[in-house]
Amino acid sequence: DGDLVIVSAVKSKVAASKARISAARAMSCTAFACEDGDAVVDDCVVEAASGVRVFGAFDLSGGSLSMRGTLVESYADLGLNMISLRGASILMDRCLARADSGSGFLRMGSFSQSRGEIRNSKILVSWKGSGTLFEVAGGGPDFRFDTIVADAERGRLRFFEVAGKVPQL
């Protein structure tokens, strides 16, 4: 099992609509890796099964991520960094993000010098170790009308770790 990147784009616009993007086995998997580009994901399922050791659904450096009506779920065995943005913007609306069964590192969102909004969405986490749901450094998205439910079987969960500008909750 090797490393898997499903979509990689540089200075491009990537769009998926009514698609199922799934990884069954890999040492690590990134569904969307974008540099200075835009990713638009509407009414999709983006998922990693338990045969994936480490999963990152979205990894953006610059550009923007727009998600509407999308299910993002991870059953990765070890680690998860579901959404990672560096100098990028996000609009996440009416989405469900779910993490279950991992035991290593956990980040539902890691935001550095980013902006935008996560709204009308649900985040469900059932983790077997310790982790941080959202890590924000120098700015991150605002959270509006969201539901976040999380539990840890053998560890501690921190909902937010913030350095710099605090997102609006």
Side-chain angles (χ1 to χ4, degrees), residues 1-90 92 95-114 116 118 121 123-137 140-141 150-155 157-158 161:
D1 297 329
D3 297 326
L4 174 64
V5 176
I6 297 172
V7 176
S8 178
V10 177
K11 296 182 181 177
S12 301
K13 181 175 182 175
V14 176
S17 178
K18 296 182 169 74
R20 180 178 210 97
I21 299 162
S22 183
R25 293 189 60 80
M27 189 57 99
S28 71
C29 174
T30 300
F32 290 84
C34 298
E35 185 177 327
D36 295 322
D38 302 319
V40 178
V41 181
D42 291 333
D43 298 314
C44 292
V45 175
V46 180
E47 63 186 348
S50 63
V52 175
R53 301 282 290 154
V54 177
F55 182 53
F58 301 95
D59 186 3
L60 276 76
S61 179
S64 67
L65 170 62
S66 174
M67 279 194 296
R68 287 185 171 83
T70 293
L71 167 64
V72 184
E73 63 183 341
S74 172
Y75 295 94
D77 296 327
L78 183 58
L80 172 64
N81 193 356
M82 189 170 279
I83 300 171
S84 179
L85 302 180
R86 294 166 308 286
S89 66
I90 183 172
M92 182 173 163
C95 294
L96 171 60
R98 185 166 63 191
D100 194 2
S101 75
S103 60
F105 67 88
L106 167 69
R107 294 285 185 281
M108 293 300 285
S110 178
F111 308 106
S112 175
Q113 303 290 324
S114 297
I118 296 173
S121 295
I123 293 122
L124 304 175
V125 176
S126 183
W127 206 248
K128 292 187 175 139
S130 296
T132 300
L133 298 184
F134 300 99
E135 181 179 60
V136 179
D151 71 81
E153 190 176 302
R154 294 183 304 268
L157 292 178
R158 179 179 314 154
E161 181 175 318

Trainee: How many angstroms lie between SG in C44 and CG in L71, if you round to the nearest 0.5 Å?
Mentor: 10.5 Å
Trainee: Measure the shortest side-chain to side-chain distance between W127 and L133 over non-hydrogen atoms and say whether it is less than 4.5 angstrom.
Mentor: no
Trainee: Output the distance between atom OG (S74) and atom CE (M82), rounded to the nearest 0.5 Å.
Mentor: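 It is 5.5 Å, given to the nearest 0.5 Å.
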Trainee: Mind listing the closest non-hydrogen atom pair of A97 and M92 along with its distance?
Mentor: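 For A97 versus M92, the nearest heavy atoms are CB-CE, 4.2 Å.
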Trainee: Any chance you could measure K128, atom NZ, to D77, atom CG, to the nearest 0.5 Å?
Mentor: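 Interatomic distance, K128 NZ to D77 CG, rounded to 0.5 Å: 9.0 Å.
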Trainee: Testing the basics here: between A152 and G155, what is the closest heavy-atom pair and its distance to 0.1 Å?
Mentor: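 Between these two residues, the closest heavy atoms are CB-O, 3.5 Å.
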Trainee: Looking at CD1 of I90 and CD1 of I118, how far apart are the two atoms once the value is rounded to the nearest 0.5 Å?
Mentor: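 Interatomic distance, I90 CD1 to I118 CD1, rounded to 0.5 Å: 4.5 Å.
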Trainee: Which donor-acceptor pairs under 3.5 Å do side chains of residues 57-64 form with protein atoms, sequence neighbours excluded?
Mentor:
from, atom 1, to, atom 2, distance (Å)
D59, OD1, R86, NH1, 2.8
D59, OD1, R86, NH2, 2.8
S64, OG, D38, OD1, 2.7

Trainee: Sequence neighbours left out, what pairs pass salt bridge (charged side-chain N to carboxylate O under 4.0 Å, His left out) with at least one residue falling in residues 7-18?
Mentor: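 Pairs touching residues 7-18 that pass the test: none.
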Trainee: First locate atom OG1 of T132, then atom CZ of R158, and finally report the distance between them rounded to the nearest 0.5 Å.
Mentor: 4.5 Å
Trainee: Less than 4.5 Å apart, side chain to side chain, heavy atoms only: is that true for M67 and V72?
Mentor: yes
Trainee: Please list, one pair per line, the donor and acceptor atoms closer than 3.5 Å that link side chains of residues 20-32 to other protein atoms, with sequence neighbours excluded.
Mentor:
from, atom 1, to, atom 2, distance (Å)
R20, NE, E47, OE2, 2.9
R20, NH2, E47, OE1, 3.4
R20, NH2, E47, OE2, 3.1
S22, OG, E47, OE2, 3.2
R25, NH2, D1, OD2, 2.8
S28, OG, D3, OD1, 2.7

Trainee: With rounding to the nearest 0.5 angstrom, report the CG to CE distance, N81 to M108.
Mentor: 10.0 Å
Trainee: Within the side chain of S114, is there an N or O that forms a donor-acceptor pair under 3.5 Å with the backbone of G140?
Mentor: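 Checked: no pair found.
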